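Each chain gets a letter, A, B and so on, in the order the sequences are listed, and its residues count up from 1. Bear in mind that the values here come from a model prediction, so they are computed numbers and not experimental data.
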Amino acid sequence: MAVAVPSAVRASTAGEPGGRPSRRRRALGIGIVLLGVLVAWELAKWLGGDPWRIHATIGGVPIDYEHVPPLHWRIADDLSLPHVWDVVRAFVDPAQRNGAPLGVVLFGQAMFTLREALTGFVLGALLGLGLGILFVHSRLAERSLVPYVVASQTVPILAIAPLVAVAVKADWLSVMFVTAYLTFFPVTIASLRGLRAADARAFELFRSYAATRRTTLWRLRLPSSVPYLFSALKVAAAASVIGAIIGEQAAGVGAGLGSAIITYNQYYITAPERLWATIVMCTVVGLTFVGLITLVERLFMRGRYRPPEVAR
Amino acid sequence: MTADAGRPASEPTSDAAVVELSGVAKTFGAGPDSTTALTGIDLAVRSREFVSLIGPSGCGKSTLLRLVADLIAPTTGEVRVNGKTARQARLDRDYGMVFQAPVLMDWRTVATNIELPLEIMGYDKAERKRRSADLLRLVELEGFAERHPWQLSGGMQQRVAIARAIAFDPKILLMDEPFGALDEMTRERMNVEVMRIWQETGTTVLFVTHSIPEAVFLSSRVVVMSARPGRISRVIDVDLPRPRTIETRESEAYFHLVTEVREALRQREGQPVGPDDRDPTSTDRIRAEGYA
Amino acid sequence: MTADAGRPASEPTSDAAVVELSGVAKTFGAGPDSTTALTGIDLAVRSREFVSLIGPSGCGKSTLLRLVADLIAPTTGEVRVNGKTARQARLDRDYGMVFQAPVLMDWRTVATNIELPLEIMGYDKAERKRRSADLLRLVELEGFAERHPWQLSGGMQQRVAIARAIAFDPKILLMDEPFGALDEMTRERMNVEVMRIWQETGTTVLFVTHSIPEAVFLSSRVVVMSARPGRISRVIDVDLPRPRTIETRESEAYFHLVTEVREALRQREGQPVGPDDRDPTSTDRIRAEGYA
Amino acid sequence: MTASAADRSSAASRWAAGADWLPPAVLFVVVLLGWEVSLLVLGVQSFLLPRPTTIASSLIDEWPTLAKGIVFTATEAIGGLVVGVTIGTLTGIAAARWATARESLVPVAVAASTIPIIAFAPITINWFGPESVLPRITIVAVMTFFPVLVNTIRGLTEVSPSSLELMRSYASTDTQTLRALRIPNALPYWFTALRIATTLSVIGAVVGEFFGGPLYSLGIYITLETGHSRYPTAWAAIVLACMLGIVLYLLVVVVERLALPWLTAREMAAER
Amino acid sequence: SGGSGASPSAAALTPVKFQLQWVPQAQFAGYFAALDQGYYKDAGLDVSLLSGGPQVNNVQVVSTGGADIGTAWLPNMLQAREGGADLVSIAQMFQRSGTRMAGFKDKNITTPAAMAGKKIGSWLGGNEPELFAALTKAGLDPTKENVIKQNFDMSGLLKGDLDVAQAMIYNEYAQVLEAKNPATGQLYQPSDLNLIDFNDPSVGTAMLQDQIFAKDSWLKQGNNAETAQKFLEASFKGWIYCRDNPQKCVDIVLKNGSQLGASHQAWQMNEINGLIWPSPNGVGIMDKTLWQQTIDIATKYKVLKAAPTDGAYRTDLAQKALDALGSSVDTKGANFAKQTITLKEGGN
Ligand SMILES: Nc1ncnc2c1ncn2[C@@H]1O[C@H](COP(=O)(O)OP(=O)(O)OP(=O)(O)O)[C@@H](O)[C@H]1O
Ligand SMILES: Nc1ncnc2c1ncn2[C@@H]1O[C@H](COP(=O)(O)OP(=O)(O)OP(=O)(O)O)[C@@H](O)[C@H]1O
Ligand SMILES: [Mg+2]
Ligand SMILES: [Mg+2]
């Protein structure tokens, strides 16, 4: 008897050789990679950056050390690649004379941007999924509209964003639109595939129940598209942060990471480490957001898959 | 059989054709790569009949069931179910189907897999729970309600699929080798259950099996098919009295029918072409004795 | 049997244990949701033996096979294959396995699915082609080399899986209900082929089936299992002479063995708990007559 | 009606009958006409949204400059795409292969992917100078590798457990399992990522150019023309960028069809 | 917090949206001061200052009604007007150009003629006419010179990608002076740089920059002309306040842009004051000579296809605003003199 395991039986963990490493090992791994990046960074500066010197007295011991790198690489000079410690120090140093540390200021801006990114993401994900749903139900719609959807993504967002800002009067709304504009596409493309990913036999089963399209959507297409959707949502989450930043700039929102980027971009030559600090903050926001999505994903995937039984 | 009271002991079929295929053919694909799965199929299944389909692997039994279920459309010919088009019958949810593979949803538990058709057809929650509990008992999987399909053995998965198919009391049951993965005893008990349900509810059953004795024992008629292209080679009426019991199986008539079906199946024509270098003697020797 | 010459007519097993399970238990999961699939399994399969596993659905037959194949690890106890750990045997590619589901790859054609193990084991292209062509003939699927799995019927898929398992002449064959989806005749021919291969190549076979006659007819020993938790309840030696033919099946000894296996299976203990409201009489009546 | 094998093999005749391309073509014409006419009727000022005919004539007039621009920008987009997809795929394979690599690389990858282009573009120009293609190639690579990475990991790990058991029974090495099972399984995911990456590559290249580049590159051209309120020519460049994106996207779709015929056939079968 | 009936409620104020051409900085100190000091409110206006930025097309925002009034460089506004937008300049704030060409001393570029064959940075997109005019005047062909689009920071100059780069005296030039010279470890000094000033008679290609504009149709609607006049009056007051209290204005700006550097904004405030003051005709009034020079250059370099039609600017509203301020207020700043500002590293 062909007791075929439905092909929807996918092992998220079973497929992973060795399964999930322990929390400790994961932290260690991330630490090592991060350290590697930083070491490479400073190594580049050591070899090809600008000369630097320490001239200080630490614990009564006067230190006077000068390092003159043997080479000169333009990507390693202080303007291109500030020292890691300068970036770190930028977080601690006050953003303005007598003001709060830049880290605190940026954190506030980041929260602001994250909020915008979240709302735009939700709108974009819903729109993306909605389009995906439309397309898998109508070949005609798919064939006629997908080219426009693709085209919409190749129109440089920076050309569109001001138009949106002009068309939509409310700042927050236009930020949301620009964010949604950048986020919906990965979701649409992934749902084009994910919503069709269920086993053909499962579709037959639903057909045999004369299940409506809606029922089939809810009880078959969506559940079996989960792996595709979450991949896309992660990409979209990352994109939404960028979208929110562009949107902020286009709408002339005076707060958020977008305005910080303009400022530190403008004053880049005087304090490159501040732009880098802002970029670091952007990535922290992105990581937080993608991490959030990953948590939700774990929730959705629970119980679906055969855990790794395999003895290695 | 205890639940037999309301049913005549003779063949309980009425004359209305519940499933009717006329001049049906089905070809998959086109051009040189196409497969003609079925050709010239004429078959009428009357109400309350229990018809078994039997035939070599790949002869088109599943295809025939899928045609009746309106899961695929015939290339030529017409399929009518309950006097309507197959499509209408499907929309009216006239039939329940057990597929050859279990086709369970991994993200659902055993119980909610069984409840799937009930959910789709709008049964309320209490009723769903009641039914799935009953059905789990019927297919002997009481303790497994909360498990997921991948935690079940092959036979257990198949039983879940059976429970799901009968959950909403369909008027017609289309069953594609439903008991193929079950051991003898479980299979017997399932047979009894299907017969009970068939008799109690007046369902019409179209049943695919590879077991000749099972086909004869259960059916009102056995449809014997031959392969490539799939055709109906014989239709054998099983006029054994009901209720059928152990005595039925010991009767001369039963034995003759089993032999008749087997003979019909063994007619060289329509058999799939076997490897030519096989020793015909050895096969034939075994073939002469029927075991399933 | 034509290919029997090089093999003694008596039981051809040697004493070396090819598969050896001692004190094996397997529990899936942990806590209240765990399932003890197997417990206290001691089994030694000697070289060139043909051992069938038979038992109720869900009793752990597939689990036992997967333990031997080192696809899962036992919770307690030890599995040794060919005198090595199961793991080493797997790494040495000592066995070929037919899974309960066909597990074919959709992106490969029928022929390249069969060639998969050969590719992995480094056979050259010409040899692969030659073998897959031979095997396709063996499993009666000549015309389907270039098709994709989803274009095949259930039985055809299963035959592809069988061909794939024997493609690289493994020393041990683990077969999980390989013929469950096949019709009687194809099944018989496949039985003959498996017996031929077994005898010609000196393979050791561990075979799961639900058909008692098939088990008795093919095996040197039949291992009867009981369910929940899965245990070996009887091991029955089948000392019927070889080659086995139609006469074998008519012999008194064969009949006794079939009955013995059936009796062993029917012992109430270890049977899965059935629905309590079932009519015991009707089932028992049917049960008394064996059909598979 | 179900999409049976019959429908699949008649794709060629469907093409001839126009079922595949007619609706989009009709819609295209309708949209253009609607755009043209509504602007004409409403008399919208051209500095907001020029009419298609105006854009078309600008496209023709400015073709020599634009042609140079599109070639340059396409070089950047495709170059970045190749780099990004290669890195994404290789990291994806490493991450799928080694759990530790996955757990430690993915966060870094996420971080890299959330670097806003508008902050990063000036830095890359700092790195490589404004007239080099390298700034845009870097930007495009950073933008495209993440979707490829995520989907590669997914596709490589979301393998049916039974198939894995099968491969295990062959004592197949990880590399063999990768080649025979994981990669074929990952291809649909990978192509999905590629579709996203193609559009990102064009955005990345054009936006990257906004911050510096040769005067004829599309991004600079767009900023200059909008800066001078010459919207028809700006839009001509935007349309050209769109076309580049669509061509790249369609290329991926075609390659995908050719590479995964079984998938197309199966998806059509699921089309109910 | 007071009773709704007692103090003038917000409803009584006329809402005005004013579009800046960049993010908050001392370049717009006058408007922020007017807001901060309550001048707008006193004039019966509820003004919101809309931030600009690289993604904001300030002219477009006003011409599509996204804002009522805006500030932009004069040529940019005129271009949009030529493209069909009914924009009109109502007050010319800067009386001179703030743009310079900056190059390091070792490049020795002190005149437009010296730029021949050099890598010349420009923001382009409407920022290049002064430069092109200067080059032409020096006998060079701008289209044949190596003009490179520069980003809005000065790294191109520091990196040596540019021999000479555009810099606003109130912004980019100061940034260079706030940056550390890696060779010395000290800040760059004015003495390290050569500046070419377009206002310098020897160059003489300066064009008019920051001005206030609105849509003609908007001005003609209801009381909008009066609203605009009130807006100008309060804004002028703001600018006068900043002229007289530069440090207070810097603080106000800093409050509105939490990421800005203090010494940089002080520098900017000082230089901006220098661009506005002295205003010989009174603040906000268009200087006809400079208007003509701007138009001549713009048309010559195809920034404009033709000279703007009549009514491209009007002085009546600004004049009425000045009149309303009264003679007790110094609206010309004839005695204005720039201070000396010390820049700190990073502009802090
Ligand atoms: N989707 C399909 N595309 C192409 N050919 C198909 C398809 N489905 C079935 N076939 C072909 O049609 C024929 C009949 O298949 P079908 O599944 O009906 O056989 P069956 O009688 O059910 O066999 P089995 O007993 O092995 O299940 C086979 O030759 C098969 O290859
Ligand atoms: N991955 C798993 N997780 C949890 N339980 C499992 C798993 N695999 C099998 N089981 C349980 O182990 C028991 C034995 O399963 P197994 O598949 O070995 O049965 P079987 O004898 O092969 O039955 P069948 O004849 O129906 O195929 C069953 O109760 C099943 O529910
Ligand atoms: Mg079938
Ligand atoms: Mg099993």
Nearest 0.5 Å, please: how far is NZ in Lys61(C) from CG in Asp183(B)?
6.5 Å
CD on Gln100(B) to CD on Gln158(C), rounded to 0.5 Å
9.0 Å
Approximate separation, where rounding is to 0.5 Å, of Ser57(C) OG and Leu141(B) CG:
7.5 Å
Heavy-atom side-chain proximity of Met185(B) to Leu265(C) below 4.5 angstrom
yes
Would you compute the distance between atom CD of Glu184(B) and atom CD1 of Ile212(C) and round it to the nearest 0.5 angstrom?
3.5 Å
